[in-house]
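Okay, structure first, notes after.
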Amino acid sequence: MTLLTSLTSPFASNDVNFWLFIAITAISWLIYKLTHWQRQGIPNDVASLWNRWTKPFHESDTQAYEKYGRVVGMYEFLQPVLMCGDAELVKEILVKRFNLFPNHRFYGGINQIGGKSIFVLKLEQWKRVRSIVSPTFTASKLKGMQSQISEAVNTLVDNIGEAALKNQSIDVKTFLLSFTLDTFSSCAFGVKVDSLRDPYNPLVANSKKLFNTNINWLSLIAFQCPSMAPIGSLFNLSIFDSSALNYFGQLILNLISKRHELQVDRVDFVKLLQDAEIIDSDAAEHLAKRKLTLDEIVDQALIFLIAGHDTTATTLSMLLYTLTRHQEVQEKLIDELSTLTDEECSDWDKIKSLPYLDAVVSEILRFCPPVPRVERRTAEPCQLGGIQLKAGQLITIPVHAMHHDPEYFPEPEKFKPERFLPESKDENNLTAYLPFAYGPRSCIGTRFAFMEIKICLVKIFRNFRFVPSDQAKDELEYYRGQLVTTAKEIILRPIKL
Ligand code: HEM
């Protein structure tokens with residue numbers, strides 16, 4: 001026994017020293033990492049480490065904004081993140097010094113989809129692809145899709161009508177997600193579906209897999225610790241369901257080859273992307289780079305689906321929900337839309353110029369912006385508002401919190417479409433109004449989104465009004481960790497007009 005003790009104890013004491021050393025080094029390193037902002041004298045929120053993931057983004061950002069101010073140092077895992085909600089600095093980031101803040105978050109190798117999409121590309125490649133893709137969204141090209149949108153709205157109106165006839169309450173989120181999917185499949189792939197009634201259609205089933213809103217641990221890792229993401233790609237892991245991605249990729253490739261074989265000549269996003277090319281003379285010298293490759297077309301079409309589906313459905317469903325709590329606004333909207341003739345209801349030029357409809361849509365995008373924060377990464381070391389930033393620093397712009405800042409929007413908790421009527425529009429601080437962001441990298445689908453939303457609202461409110469349902473919970477519940485502020489369900493009761 002004595003022999004044993006004398007043999008092991010020197011070893012054991014070395015062992016303890018070793019682990020003590022490791023523990024002290026690890027703690028010192030953690031403290032060093034988590035005092036990054038404190039050392040720069042910037043208000044900082046260490047609780048953001050878990051708040052950013054235990055609450056929906058719009059809640060955690062607004063909480064930090066109200067507690068610490070407009071510019072706050074935060075942390076994601078051990079990465080420092082600067083939250084910047086000062087409207088003047090935001091304008092510097094998005095427009096004035098765009099070349100210093102050009103990129104989105106790095107999603108790392110875990111994100112297999114859209115590696116070539118404009119959403120993830122870095123500055124130089126992004127510039128080329130964005131300039132090819134932008135003409136796809138001109139007013140004249142989108143006008144060609146008006147009839148596809150109207151057809152999808154007719155299906156939606158029929159589906160809501162059935163529920164209204166039976167005095168049933170519905171989850172409007174489900175109905176509107178089906179509507180935006182029907183619209184997109186028709187406008188992008190030329191495939192007509194009624195997603196609500198045909199859930200086993202492969203397109204519908206695969207899009208459900210793609211937009212599965214359960215918290216996804218891989219996306220958490222990709223967000224929190226992007227340097228680990230390449231390990232994910234080694235194991236072929238993906239934030240999005242890979243079988244669904246393959247399905248859509250194949251669908252787009254088939255569409256391209258069939259169009260070639262059958263000489264189909266319909267206007268849809270895939271066709272517009274195929275035809276798109278840079279037309280400025282400088283770029284024309286690099287012929288090979290003027291047009292998108294097949295892979296690039298697939299990735300752009302996929303990112304349109306991912307970026308446009310949930311955002312648009314969320315805007316519409318939050319609007320229906322808000323109108324049930326502001327019946328006077330709903331009545332005013334119904335009144336304005338009832339003045340249209342049947343012909344005018346299909347006339348986009350007429351619809352887009354309706355002032356109250358425009359004000360209601362603009363106000364819901366302020367009140368509940370579907371994208372709660374916009375993100376940028378610095379391209380090189382630089383200063384912002386006197387703060388020294390390193391290259392690759394992630395900056396988040398808290399859109400939701402800024403939209404609810406009383407200095408930017410007086411009485412922000414009131415839903416007041418009047419603030420967006422032509423006579424008062426100029427009073428708004430538009431540098432703080434960011435539902436689609438602004439500047440060179442703002443949402444490329446803004447025009448399409450407005451068109452889809454307004455055409456849909458015209459048909460809905462010429463047929464129904466919505467009232468609260470006794471089957472609904474008192475408060476909406478939101479998913480956590482999602483880039484879109486998504487309520488789990490929105491139960492309302494439609495009443496036929
Ligand atoms: C109400 C609906 C929508 C909202 C609120 C919305 C909002 C946004 C926001 C905030 C951004 C980030 C902009 C930035 O970083 O500066 C964005 C980017 C983007 N959106 Fe939308 N969006 C909507 C609909 C759409 C639609 C319908 C499409 C496509 C058809 C689309 C395609 C995109 C793409 C491709 C990007 C990346 C642009 C780039 O990095 O160059 N969005 N969107």
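Note that ligands are numbered from 1 as they come in the structure, with each ligand's atoms numbered from 1 the same way. Keep in mind that this is a model prediction, so the values were computed, not measured. Basis for what follows: all heavy atoms, side chains included, without hydrogens, waters or symmetry-related copies. The first residue of the sequence shown is numbered 1, and numbering continues consecutively from there.
In this structure, the protein non-hydrogen atom closest to atom 1 (C) of ligand 1 is Thr315 OG1, 3.3 Å. Among protein heavy atoms, the minimum distance from atom 16 (O) of ligand 1 is reached at Arg376 NH2, 2.7 Å. Looking from atom 12 (C) of ligand 1 to the surrounding protein, the closest heavy atom is His104 NE2, 4.4 Å. Ranking the protein heavy atoms by distance from atom 13 (C) of ligand 1 puts Arg441 O, 3.5 Å first. The shortest contact between atom 37 (C) of ligand 1 and any protein heavy atom is with Phe119 CD1, 3.4 Å. Looking only at heavy atoms of the protein, atom 7 (C) of ligand 1 is closest to Pro435 O, 3.4 Å.
Side-chain polar atoms of Lys390 and Thr378 form no donor-acceptor pair below 3.5 angstrom. No side-chain donor from either of Thr155 and Asp182 sits under 3.5 Å from a side-chain acceptor of the other.
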Arg419 and Glu427: CA distance, side-chain angles, deciding distance, salt bridge (Lys or Arg N to Asp or Glu O under 4.0 Å) verdict
CA-CA 8 Å; Arg419 60 177 110 226; Glu427 290 160 26; over 6 Å; no
Please determine whether salt bridge (Lys or Arg N to Asp or Glu O under 4.0 Å) holds for the pair Asp310 and Lys173, giving the CA-CA distance in whole Å, both sets of side-chain angles, and the decisive distance to 0.1 Å.
CA-CA 9 Å; Asp310 205 1; Lys173 187 78 206 285; 3.4 Å; yes
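Applying the side chain to side chain donor-acceptor pair (under 3.5 Å) test to pairs two or more places apart or on separate chains, those with a residue in residues 430-448 are Asn429-Thr431.
Between Glu296 and Lys116 there is no salt bridge, since no side-chain nitrogen of the basic residue lies less than 4.0 Å from a carboxylate oxygen of the acidic one.
Against a heavy-atom cut-off of under 4.0 Å, Val374 is close to the following atoms of ligand 1: 10 (C), 14 (C), 15 (O), 16 (O). Near Arg130, the atoms of ligand 1 lying under 4.0 angstrom from a non-hydrogen atom of the residue are 38 (C), 39 (C), 41 (O). Atoms of ligand 1 lying under 4.0 Å from at least one heavy atom of Ala437, given by number and element, are 13 (C), 14 (C), 16 (O). Close contacts of ligand 1 with Phe448, meaning ligand atoms under 4.0 Å from a residue heavy atom, involve 27 (C). Remark: ligand 1 atoms within the under-4.0 Å shell around heavy atoms of Thr312 are 2 (C).
Put simply, the residue from His326, Glu411, Glu363 that forms a side-chain hydrogen bond (donor to acceptor under 3.5 Å, both in side chains) with Lys416 is Glu411. Of the listed residues (Ile444, Val374, Leu365), just one forms a side chain to side chain contact (heavy atoms under 4.5 Å, CB included) with Phe436, and that residue is Leu365.
Aromatic ring pairs are classed by plane angle as parallel below 30°, tilted from 30° to 60° and perpendicular above 60°; the pair Trp126 and Phe98 is tilted. Ring pair Phe119/His104 is tilted by interplanar angle, where 30° to 60° counts as tilted.
Counting heavy atoms under 4.0 Å from ligand 1, residue Trp126 touches it through the side chain alone.
Counting only protein N, O or S atoms, the number found under 2.8 Å from atom 21 (Fe) of ligand 1 is 1.
In terms of heavy-atom proximity, Leu123 sits nearest to Pro102 at CD1-CB, 3.5 Å. In this structure, Gly85 and Tyr408 approach most closely via the heavy-atom pair O-OH, 3.5 Å.
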